[in-house]
Number of protein chains: 2
Amino acid sequence: MADDRLSVIFGALADPTRRAILGRLADGEATVTELTAPFSISMPAISRHLKVLERAGLIARSRSGQRLSSTLRAAPLQEATEWMERYRRFWDASFDRLDAHLRQAEPGREAD
Amino acid sequence: MADDRLSVIFGALADPTRRAILGRLADGEATVTELTAPFSISMPAISRHLKVLERAGLIARSRSGQRLSSTLRAAPLQEATEWMERYRRFWDASFDRLDAHLRQAEPGREAD
DNA sequence: CCATTACTTAACCATTCTGTTAATTAATGA
DNA sequence: TCATTAATTAACAGAATGGTTAAGTAATGG
């Protein structure tokens, strides 16, 4: 995967296990053991998913004794959303001028 | 990559070349040749990027004679955005109740 | 028809990803 | 101090990714 910021963020979100982990963390911080429990994969596998999420800035980790807790950090989701905003006009009801431009560019085709 | 819908969408967005292609298509449809021009990679490589985008529903393709045009389809971005909405409260100013819950879950830690 | 243009498919290669099990490190607590 | 618990690191395997060049397919136009 490319190592630019958005690629790292989208890449982190491109895995259902990692998205499920974020879902769990929305209910509050959790240890690696707790995050492993709901899944049928090994702890080392979860450990590496957490590293991917951490690299993307989607979680922060803090040790308290033996336990290593992960906390959700949603700022990167905002970055991702902001990137997508650029395309919002393509799915919005207010399609207007641009829609016209596209139709004109290939007159024979209708939007599906 | 997992083949569930969101993974396919996020996976498609996790590559800078593919995001650049979407950026180009925001200005109107384009042929494979036109999409290849700005990059230093081969046409077969672009062709496969387009397949990935098509699988994600991010582009639609239509042949008109020899030319095979790609058009932006932003609906999947809306799906992705809707998934992220679930986490909006974590980056929003209106942090309120949830923020309190998180602080309580690990009293010794402050949000960064 | 036949050369050219537009694009895809095939075959290959290197790298990265996701999982495994086994070994290691670090902190606790009896 | 030493066994236990929590988690990471190491070493490995298989599949997926992203690029290449070469070959194949399809439409055009002279």
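Predicted model only: the values in this text are computed from it and were never measured. So you know, we letter chains A, B, ... as the sequences are listed, proteins then strands, and number each from 1. Side-chain atoms are counted along with the backbone in the values below, which use heavy atoms only and exclude waters and symmetry mates.
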Contact class for B:M1 (heavy atom, under 4.0 Å): base, sugar-phosphate, or nothing?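 Sugar-phosphate, backbone atoms only, no base.
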Please determine whether a side-chain nitrogen or oxygen atom of [X] lies at a distance below 4.0 Å from atom OP1 or OP2 of [N].
{"X": "A:H49", "N": "C:dC17", "value": "no"}
{"X": "B:S42", "N": "D:dG19", "value": "no"}
{"X": "B:R18", "N": "D:dG18", "value": "yes"}
{"X": "A:R61", "N": "D:dT8", "value": "yes"}
{"X": "A:S47", "N": "D:dT8", "value": "yes"}

Roughly, in whole Å, what's the span from [atom1] in [X] to [atom2] in [N]?
{"X": "B:R48", "N": "D:dA16", "atom1": "CZ", "atom2": "P", "value": "13 Å"}
{"X": "B:M43", "N": "C:dT5", "atom1": "CE", "atom2": "P", "value": "12 Å"}
{"X": "B:L50", "N": "C:dT8", "atom1": "CG", "atom2": "C1'", "value": "11 Å"}
{"X": "B:I59", "N": "C:dC7", "atom1": "CD1", "atom2": "P", "value": "12 Å"}
{"X": "A:I41", "N": "D:dA13", "atom1": "CD1", "atom2": "P", "value": "21 Å"}
{"X": "A:D15", "N": "D:dA15", "atom1": "CG", "atom2": "P", "value": "17 Å"}
{"X": "A:R67", "N": "D:dT5", "atom1": "CZ", "atom2": "C1'", "value": "10 Å"}
{"X": "A:I46", "N": "D:dT9", "atom1": "CD1", "atom2": "C1'", "value": "17 Å"}

Rounded to the nearest 0.5 angstrom, the NE2-NZ distance for A:H49 and A:K51 is 12.5 Å
Output the distance between atom CG (A:L53) and atom CG (A:D15), rounded to the nearest 0.5 Å.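 One gets 8.5 Å once the value is rounded to the nearest 0.5 Å.
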On DNA chain C, does the nearest nucleotide to A:P44 precede the nearest nucleotide to B:Q66 from the 5' side, or the other way round? Give the residue. B:Q66
Tell me which of B:L68 and A:A14 sits closer to the 5' end of DNA chain C, going by the nucleotide each one is nearest to.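 It is B:L68 whose nearest nucleotide is closer to the 5' end.
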Side-chain contact, heavy-atom cut-off 4.5 Å: B:T71 with B:L25? no
Mind checking who shares a hydrophobic cluster with B:V8, ILVMFWY linked at side-chain heavy-atom distances under 4.5 Å?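 Answer for B:V8: B:M1.
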Can B:R19 and A:S7 be counted as having a side-chain donor-acceptor contact under 3.5 angstrom? yes
